[in-house]
Amino acid sequence: MNLVPFLGFAAIAVVTVAVGLYSTRIVRTTADVYVASRSVGPILNASAIAGEYLSAASFLGIAGMVMAFGYDVLWYPAGYAAGYLFLLLFVAAPLRRSGAYTIADFIEGRFGNPAFRLVVVSFVLVIGIFYLLPQMKGAGLTLQTLTGLPYWVGVVVVGGAMAVNVALGGMKGITFVQAFQFWVKAFAISVPTLVLLALFGSYADNWSLATAQPPPELRAAIEAGQAPGADWGTPFGPLSAQQGAPLLFTYSLMAATVFGTAGLPHILVRFYTNKDGRTARRTTLVVIAFIGSFYLFPSLLGLLGRVHAPDLYAAGRTDALLLELPGRIEDRTLALVLQAVTAAGAFAAFMSTTSGLLVAVAGGLAHDLYARTLAPQAPQRARIRAFRWAALIAGAVAIVLGLQVERFPINMLVGWAFAIAASAFFPLMVLAIWWRRLTATGAASGTLAGGGLATLAILYTMLASSPPGDPYVATLLAQPAIWTMPFALGTMIVVSLLRRDEVPADVGKKRVRLHVPESIGLRTEYITD
Amino acid sequence: MQTEWVVGAQVVVTALAAGIVLYLIVRRSRTVSEGREDAVSETLALVNRTLPYLRRGLSRRTAPELASAIHAYLTSSAVAIVSGREILAYIGAGSDHHQVGQEPLTSLARQVLLTGRPVVARTHEAVGCPRPACPLAAAVAAPLTMQGKAVGCLQVYLPFGQPLSASKVKMVTALAQLMSVEMELADLDAKTERLAKAELKVLQAQISPHFIYNTLNAIVAFVRTDPEQARQLLIDFADFLRLTFRRKRQFSPFAEELQYVHQYLSFEMARFGDRLRVVYRVAPEVLSTVVPVLVLQPLVENAVRHGISPKVGAGRVLIAAEDRGSECWVCVEDDGVGMEAEVAKVVLQRRDGVGVGLRSVNDRLRSVYGPEHGLEIWSQPAAGTRVTFSVPKFKPGVTV
């Protein structure tokens with residue numbers, strides 16, 4: 001174990017807390033500073049959203065998965081970035097104009113019916129837990145790589161620390177902290193990539209080494225069947241062909257990642273910080289630029305990893321590529337510095353996403369389940385206590401389940417969380433915003449049907465000892481979004497049309513609020529009669 | 001204000017009324033040949049069907065819906081709802097001459113309004129329609145009462161030849177009672193809302209007397225020493241007053257409340273000079289949270305007037321807002337003279353002139369967000385006072 005990378009890891013924790021404390025301690029003697037800008041600007045908020053979004057899956061997982069499965073994996077980052085386009089086009093501005101904080105808030109406001117909250121919250125919990133698992137794996141793996149301690153130590157220590165932190169009031173100054181962590185991650189992935197490219201030769205040289213003329217060590221791994229061969233660099237390669245129906249797999253993966261973004265509970269709450277719908281749109285546009293640029297780097301690293309660290313294939317530790325690769329350069333000092341940088345980035349990655357997810361899950365449990373349903377009259381102290389317990393419970397669940405997922409690639413787990421989000425919440429958000437005849441019954445049954453089927457299909461794939469024989473069935477179970485999302489959409493439409501008389505009477509009023517641009521200056525007193 | 005009381009009363013009274021209906025039916029059906037369960041479930045079904053209409057009060061818009069629900073359920077030949085001297089709704093046979101908006105023609109209606117008691121008519125003559133060709137033959141009419149006075153009536157006419165069973169009479173009478181209760185409650189709701197609005201208006205006017213006097217005095221002091229400053233203050237003051245009186249909305253973004261407080265404080269700072277220092281510590285995440293209008297300024301004014309003003313030497317007011325997950329936490333704190341803990345405890349209960357601003361903020365917070373979201377006051381003599389509250393970031397109906 002070397003102390004230097006570990007220091008990078010520790011430094012980022014300390015600096016993050018300092019940034020949070022500093023930003024909440026900022027005191028002014030005039031309100032102008034706040035009031036002039038009135039809210040967080042698009043660039044700051046876009047940084048915060050990107051900071052919350054780029055998890056261990058993006059920081060560690062994609063590079064590792066590109067190395068393990070080849071260029072097929074690029075559909076993941078492409079979809080992760082393209083999802084914001086759908087968010088921009090269909091959801092961001094109306095969601096902000098509604099004034100809602102969470103998805104459950106939005107749905108309650110749209111239908112004036114609190115009963116539906118529990119359905120929404122149950123999928124917030126499912127998606128949140130699914131998304132937490134890969135973060136736990138990232139934490140376990142990072143500590144394992146840096147210190148040599150067993151996998152479970154990292155999961156328990158980091159998971160426990162994050163849960164306690166959230167329970168004790170969470171990260172202060174969340175917007176600044178998340179924005180800061182985005183720039184840490186951007187720095188920690190771009191600089192090492194550029195340095196490594198400079199040392200390991202050009203992209204083209206490495207490409208031919210990875211595909212046409214593999215170096216001896218890589219060739220040995222390919223011949224031993226540990227690493228994919230020439231199909232590594234081609235479309236419909238080892239990832240999508242896993243179940244035998246590569247084209248279907250690819251489309252389904254695209255559906256999950258592209259539609260899933262608009263249904264991620266911990267991302268949607270960030271739009272509340274925007275001043276209005278217009279700035280929400282601008283923010284989303286900036287997020288696309290930030291995230292799109294970020295994803296250039298992990299794919300390059302995957303290529304470098306295949307050529308220069310093929311021993312990770314045999315060890316089954318491709319997810320640790322980003323932490324291992326800097327160690328493969330000659331200059332020991334530079335290697336240590338780069339390792340410290342990537343370790344800091346990895347820590348920022350699972351820290352920001354984990355705390356965002358824990359807040360969303362604990363909020364769902366404490367706010368929606370406890371305060372809204374079980375004990376509506378609970379005083380403030382009881383609500384805070386409920387939130388603390390919920391955070392600790394969510395952390396414990398994440399740790400226990402996180403210990404079980406060591407064998408799944410980090411990024412694949414996140415892809416599944418996206419598939420559930422795409423099936424449960426994307427149709428819900430889009431129809432609730434754009435279709436006036438949607439009813440609460442229709443929306444609830446579609447959410448339950450789509451989200452439930454996607455969850456079951458994925459659980460089956462994760463737990464079944466052998467996949468079904470038919471390649472199409474196996475693919476549809478392993479990547480369910482392509483059928484569960486349209487199924488949810490169809491269920492919502494059919495049930496809503498059957499229960500036509502349940503369309504809320506004030507739907508027109510609600511839609512005016514969602515869609516009229518702020519510049520028109522429509523206020524409640526003009527809308528209500 | 002006191003919405004929880006109204007809602008509580010509503011629940012109790014509705015339950016009572018439904019209980020009375022049930023009791024009457026049960027007792028009735030013991031003696032009448034009709035099956036007891038049938039009568040009970042029928043009445044419950046009728047109440048269940050009409051309750052949503054009743055909830056919305058009795059008006060020209062809701063009455064026809066209510067009347068047709070009753071009409072369809074009782075398979076009557078006609079149903080009429082009369083309020084005062086006017087037919088609000090008329091569904092069924094005879095609607096050619098019994099028209100909505102007219103005075104009721106039947107002597108039956110007049111009799112009920114006069115006596116305030118239910119009347120049963122078994123013949124055409126007893127119904128008392130001046131048109132000889134009128135098909136109405138048998139009827140039950142029950143009064144709708146408000147504060148003990150008959151203000152309208154519910155009339156159910158039965159098809160010719162159908163026996164007027166005792167259970168039907170009871171059913172109509174009980175339904176009319178239920179309608180009366182709902183009308184009173186709807187009236188109470190409207191009164192409560194009017195009261196809340198009136199209180200907001202009072203609050204808007206409340207700022208003026210003390211504050212206008214003090215501010216004008218402060219400006220007077222500047223007139224000789226710094227005329228340019230005095231001119232600027234007067235312009236700002238005029239702007240501020242206009243803003244105050246133009247704020248008719250119920251809710252506004254927290255950022256706007258903050259700006260309003262800032263404007264207000266600029267005059268207090270002109271008055272107090274170096275004696276008043278104001279510090280803002282506001283998390284940017286909560287600037288877009290929608291809060292009841294004028295929720296912050298009374299707290300700040302209180303801190304200045306009762307905390308800093310009586311204090312010897314300089315004082316500081318802290319205005320803080322924090323992002324707490326799904327809630328926004330707000331705090332106004334001063335290091336002024338403070339008060340005894342017992343006094344602080346009863347400030348929100350007092351009904352005399354002191355602390356009107358605080359109480360109004362407290363009442364409005366509780367009525368909008370529920371009793372657990374009211375103000376919390378902490379105070380200690382010579383140490384200062386802290387007033388805090390927290391509101392959810394989103395609540396249906398609370399929008400700008």
Side-chain angles (χ1 to χ4, degrees), chain A residues 23-40 44-45 96 98-102 105-106 108-110 112 114 166 169-170 172-176 269-270 272-276 359-360 362-363 366-368 371 376-380 382-384 387 513 523-525 527, chain B residues 4 248-266 269 277-290 296 300 316-329 370-374 376 388-400:
Chain A
S23 69
T24 49
R25 286 284 171 276
I26 302 175
V27 289
R28 323 249 177 183
T29 45
T30 164
D32 288 350
V33 187
Y34 301 109
V35 176
S37 59
R38 277 169 95 199
S39 254
V40 178
L44 178 58
N45 203 27
R96 180 62 200 96
S98 78
Y101 180 56
T102 62
D105 283 345
F106 174 76
E108 184 178 346
R110 169 71 169 74
V166 169
K172 295 287 175 204
I174 191 78
T175 305
F176 291 108
V269 293
R270 287 274 146 256
Y272 184 87
T273 307
N274 283 117
K275 184 185 143 206
D276 51 28
V359 168
H367 180 64
D368 295 301
Q377 300 292 318
Q380 200 186 346
R383 294 198 308 261
I384 292 173
F387 181 84
R513 169 163 296 289
R523 299 279 196 186
T524 311
E525 58 257 37
I527 303 174
Chain B
E4 65 271 43
K248 295 275 187 284
R249 295 188 268 153
Q250 255 193 303
F251 304 105
S252 78
F254 188 68
E256 248 168 63
E257 290 306 307
L258 210 56
Q259 182 154 36
Y260 185 73
V261 161
H262 183 62
Q263 276 186 324
Y264 158 77
L265 279 170
S266 65
M269 279 156 101
R277 207 163 68 83
V278 180
V279 177
Y280 298 86
R281 205 180 68 209
V282 178
E285 289 87 356
V286 301
L287 288 176
S288 43
T289 301
V290 177
L296 193 61
V300 176
R316 185 203 67 149
V317 174
L318 167 72
I319 298 164
E322 280 180 21
D323 171 37
R324 295 203 171 163
S326 59
E327 290 186 349
C328 153
W329 178 85
E372 66 280 7
H373 286 279
E376 284 177 21
T388 64
F389 66 89
S390 69
V391 295
K393 282 185 176 172
F394 174 77
K395 166 117 187 159
V398 180
T399 42
V400 178

Looking only at heavy atoms, the pair that brings B:P284 and A:T273 closest together is O-CG2, 4.5 Å
Chain A heavy atoms under 4.5 Å from B:T289: which part of the residue, side chain, backbone, both or neither? both
Roughly how far, to the nearest 0.5 Å, is the CZ atom of B:R324 from the CD1 atom of A:I174? 14.5 Å
Looking at A:N45, A:L44, A:D105, which one has more heavy-atom pairs under 4.5 Å with chain B than the rest? A:D105
Would you find a donor on one side and an acceptor on the other, under 3.5 Å apart, between the side chain of B:T399 and the backbone of A:S98? no
So which part of A:R110 gets closer than 4.5 Å to some heavy atom of chain B, the side chain, the backbone, both or neither? neither
Using a 3.5 Å distance criterion without hydrogens, assess whether the side chain of A:Y101 forms a donor-acceptor pair with backbone atoms of B:E327. no
Using atom types as modelled and distance alone, determine if a side-chain donor or acceptor of A:Y272 lies under 3.5 Å from a backbone N or O of B:F394. no
Between A:T102 and chain B, with a heavy-atom cut-off of 4.5 Å, which part of the residue counts as in contact: side chain, backbone, both or neither? neither
Do any N or O atoms from the side chain of A:E108 and from the backbone of B:P396 form a donor-acceptor pair under 3.5 angstrom? no
B:S390 side chain reached by A:R383 side chain, heavy atoms, under 4.5 Å: yes
